[in-house]
Structures are given as C-alpha cells and as structure tokens.
Amino acid sequence: MEKKEAIKSVTFVLSGSLLQMFNGIGNGIWSSLTAIFGIVLLFMGLTKLKTALDENGQSAVKLLIIAAILSCIGFVFDLIPVLGGVIASIILLAAFIIQLVGYLKLKNSASIGEIGKGGVSLLIVAMIVAAFGALLGIIPFLGAIIVSVIFLASLILVFFGWIKIQEGLLE
C-alpha cells in the first residue's frame, strides 16, 4: 500500500474513532446515530489499513474490526428504550475487551514503527480513561459532568494516538 492510501485509511479510522467516542460525551438518539456513523467510517478505515500492515498488525486489525461490528450492534440496541440499554452494555463491554486485546496485539506490529507503538499506548490509555469515566458515571448528578470531561480527555488521547500511528506508518 502506498503512503497516500495509508494516510487515508488512518484518517478514516481517526474520524470514526472520534465520532464513536462522542457517544460517551453526548446523550440520546443523535449521539448513538453519530456513533454508528463513526463505526462505519472506522470499519472502512480499518479494512484499508489492514493491507498496509504486517501479519501481527493484520491479526490485530481483524480484532478491531470485530470490536467495531460489535459496537455498532451495541449502539443499535442502545436505541431501544429500557431493555436495550442493558443488552447494549453487555455487547459494548465485549467490544471493549476485544478492542483492548486488538490494540495490545497492534503494539507488536513492526509496520507501525516505534512512533506508532507510542500511539497504540495512547489508545490503550484512552480506553482505560474511558472505562474509568464510565464507572464514575454511576454517581448521581455529579457523575454526568465528570464523565463528560473524562470522555473528552479520552477523545483527545484517541486523536493523538491515531496521529502517531499515522506517523509511524510513514516512518
């Protein structure tokens, strides 16, 4: 894959990841629909990115694609009132775990270079921060404000993480 295609694929992944993370900041049907659109972009980018990576990177991206599909299913269930939220939470938790394993595997890819591995570390930190924010969301009243700030911090980490992976691919 030429460098231009690698940049384009990471741009799609970055855009999709940011739109997906927006669901943690926003609330309601529009944030869920935005997250679903983001997952479509993420899926397109990951599919293109897979061809630019070595075997370790490709197996990691396969896991990230599975996590994206599960996330999309979870966000669709989240649109269903009451019971949909419970089902969505279970599916999104499974997607979170698969995504985390995918990032850990991506760290072993030689294709992304040392800069890209630093970017993967930022993505892992972003996931941990987002999980911490989700746990704090249980706190009534104050939880919503804290969660929004924490998810915004996670969103910034995701942005810089994928930018570093893009730099690593160009290295």
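There is no path of hydrophobic side-chain contacts, each under 4.5 Å, that joins V129 to L135. Hydrophobic clustering of Ile, Leu, Val, Met, Phe, Trp and Tyr side chains at less than 4.5 Å, counting indirect connections, keeps V149 apart from L155. Cluster annotation: I115 and L122 are assigned to distinct hydrophobic clusters (Ile/Leu/Val/Met/Phe/Trp/Tyr, side-chain heavy-atom contacts under 4.5 Å, transitive). The cluster map of Ile, Leu, Val, Met, Phe, Trp and Tyr, joined by side-chain heavy atoms under 4.5 Å apart, puts L18 and V120 in the same cluster.
Note that the OG1 atom of T11 and the CG atom of L49 stand 10.5 Å from one another [nearest 0.5 Å]. Taken from CG in L100 to CD1 in I128, the straight-line distance is 7.0 Å, to the nearest 0.5 Å. Rounding to the nearest 0.5 angstrom, the gap separating the CG atom in L157 from the CH2 atom in W162 is 14.0 Å. Atoms CG and OG, on L41 and S15 in that order, are 6.0 Å from each other to the nearest 0.5 Å. Here the straight-line distance linking atom CD1 of I165 with atom CG of L170 works out to 12.0 Å at 0.5 Å rounding. Atom OG of S9 and atom CD of Q166 lie 8.0 Å apart (nearest 0.5 Å).
Taking all atoms of both residues into account, the shortest heavy-atom contact from A52 to L169 is O-CD2, 4.4 Å. C72 approaches I36 most closely through the heavy-atom pair SG-CG2, 3.9 Å. Of all heavy-atom pairs between F96 and A131, the closest is CZ-CB, 3.8 Å. The heavy-atom pair separating G45 from F12 by the smallest distance is CA-CB, 3.5 Å.
For S71, the side-chain hydrogen bond (donor to acceptor under 3.5 Å, both in side chains) partners two or more places apart in sequence, or in a different chain, are Q20. Taking the side-chain hydrogen bond (donor to acceptor under 3.5 Å, both in side chains) definition, one finds that E167 meets it with nothing, sequence neighbours left out. K107 pairs by the side-chain hydrogen bond (donor to acceptor under 3.5 Å, both in side chains) definition with S121, not counting sequence neighbours. Residues that satisfy the salt bridge (Lys or Arg N to Asp or Glu O under 4.0 Å) test with K117, not counting sequence neighbours, are E114.
Side-chain contact between I39 and I69 is absent, with no heavy-atom pair separated by less than 4.5 Å.
The only option from L152, I146, V147 that meets the side chain to side chain contact (heavy atoms under 4.5 Å, CB included) definition with I150 turns out to be I146.
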May I have the list of side-chain donor-acceptor pairs in residues 60-68 shorter than 3.5 Å, sequence neighbours left out?
none

Acceptor/donor pairs from residues 79-95 side chains to any protein atom, 3.5 angstrom cut, sequence neighbours excluded:
residue: S89; atom: OG; partner: G85; partner atom: O; Å: 2.8

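Under 3.5 Å, the side chains of N56 and S109 contain no donor-acceptor pair of N or O atoms.
Around atom OH of Y103, more than 12 heavy atoms belonging to other residues, nucleotides or ligands sit under 6.0 Å away. Within 6.0 Å of CZ on F37 lie no more than 12 heavy atoms contributed by other residues, nucleotides or ligands.
Looking only at distances, no side-chain donor or acceptor of T34 sits under 3.5 Å from a matching main-chain atom of L19.
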